[in-house]
Amino acid sequence: MAPILYDYRKMPMDDIWKEDGDKRCKLVVGILGLLVIVLLGVPLIFFIIKANSEACQDGLRAVMECRNVTYLLQQELAEAQRGFRDAEAQAVTCNQTVMALMASLDAEKAHGRKKVEELEGEITTLNHKLQDASAEVERLRRENHVLNARIADTDSASPQDSSCAAEPPLLILLLGLSALLL
């Protein structure tokens with residue numbers, strides 16, 4: 001009889017470990033995969049539950065409302081800034097207009113002062129002429145008085161019409177005044 005030991009196949013020791021190792025490796029990988037799925041799945045489920053909670057939904061609504069309010073405030077700010085720029089442009093235009101009007105006013109004041117000086121010179125000239133005319137009138141009045149006195153003396157000596165005697169002094173007075181006015 002043949003020995004029994006010869007009935008099984010001879011395998012190197014590495015192959016035995018290799019077959020057992022492949023099975024063990026698959027088992028370890030499977031356990032690790034299941035462990036990873038459980039470790040990641042539990043927090044994921046917890047996160048999903050928390051994310052769908054009422055407080056989280058309220059927080060999301062509050063964030064959206066804040067975004068809407070922020071957007072509206074940004075629009076109002078932009079509109080206010082446009083209004084401010086428009087007001088600044090109007091202020092610049094008004095300042096330029098004021099400066100132009102002030103320059104025009106200064107020019108008119110200078111022109112007015114010049115005109116006043118001219119008129120004052122004319123008034124002074126006319127006052128001198130008036131004084132000269134008044135002096136001439138006074139002189140002619142005196143001459144007229146003297147002539148009237150002579151005529152009265154001669155009238156008492158020879159009776160004549162008194163209206164004729166008054167005409168020469170009046171004529172002299174009118175000729176004197178007209179000469180002054182020219």
Side-chain angles (χ1 to χ4, degrees), residues 1-135 137 177 180-182:
M1 253 214 182
I4 300 182
L5 288 174
Y6 295 108
D7 284 4
Y8 74 91
R9 287 184 351 204
K10 289 187 178 179
M11 290 179 87
M13 202 56 162
D14 287 341
D15 290 340
I16 294 173
W17 279 105
K18 196 175 195 184
E19 279 183 27
D20 272 346
D22 285 342
K23 289 179 187 176
R24 281 188 205 140
C25 187
K26 288 180 183 176
L27 181 66
V28 168
V29 168
I31 291 172
L32 284 176
L34 185 63
L35 186 63
V36 166
I37 290 172
V38 170
L39 287 176
L40 291 177
V42 170
L44 182 63
I45 292 170
F46 181 72
F47 175 74
I48 291 171
I49 291 170
K50 283 286 190 178
N52 289 326
S53 71
E54 189 67 30
C56 189
Q57 295 299 322
D58 289 343
L60 287 174
R61 276 186 236 113
V63 166
M64 292 305 290
E65 186 177 329
C66 285
R67 285 182 183 162
N68 289 339
V69 169
T70 301
Y71 177 73
L72 292 174
L73 289 175
Q74 285 174 341
Q75 285 181 333
E76 289 178 7
L77 177 64
E79 186 177 329
Q81 286 173 339
R82 279 191 300 275
F84 180 71
R85 283 191 298 269
D86 291 344
E88 277 184 329
Q90 284 180 339
V92 166
T93 303
C94 287
N95 285 341
Q96 290 172 347
T97 303
V98 166
M99 295 304 288
L101 289 174
M102 288 178 71
S104 175
L105 180 63
D106 289 342
E108 283 296 318
K109 280 182 183 178
H111 180 71
R113 278 189 224 114
K114 185 177 178 182
K115 191 72 171 172
V116 165
E117 289 172 1
E118 289 174 6
L119 291 175
E120 284 176 346
E122 281 185 43
I123 289 171
T124 304
T125 304
L126 291 174
N127 279 338
H128 287 301
K129 285 182 179 180
L130 180 63
Q131 287 173 355
D132 292 343
S134 294
V137 167
L177 282 176
L180 284 177
L181 292 176
L182 294 176

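Computed from a predicted structure; not experimentally measured.
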Donor-acceptor contacts, no H, no angles, side chain residues 84-112, under 3.5 Å, sequence neighbours left out:
from, atom 1, to, atom 2, distance (Å)
Thr93, OG1, Ala89, O, 3.0
Asn95, ND2, Ala91, O, 3.4
Thr97, OG1, Thr93, O, 2.9

Give every donor-acceptor pair under 3.5 Å between a side-chain atom in residues 73-81 and any protein atom, sequence neighbours left out.
from, atom 1, to, atom 2, distance (Å)
Gln75, NE2, Tyr71, OH, 2.7

For a quick test of your reading: what N or O donor-acceptor pairs under 3.5 Å do the side chains of residues 118-125 make, sequence neighbours left out?
from, atom 1, to, atom 2, distance (Å)
Thr124, OG1, Glu120, O, 2.8
Thr125, OG1, Gly121, O, 2.9

Do any side-chain atoms of residues 58-67 form donor-acceptor pairs under 3.5 angstrom with protein atoms, and if so which ones, sequence neighbours left out?
from, atom 1, to, atom 2, distance (Å)
Asp58, OD1, Arg61, NH1, 2.5

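Between atom CG of residue Asp132 and atom CG of residue Leu126 there is a gap of 11.5 Å, rounded to the nearest 0.5 Å. Atom-to-atom distance recorded for Leu32:CG and Ile37:CD1 is 11.0 Å, nearest 0.5 angstrom.
Put simply, the residue from Val42, Leu44, Val36 that forms a side chain to side chain contact (heavy atoms under 4.5 Å, CB included) with Leu40 is Val36.
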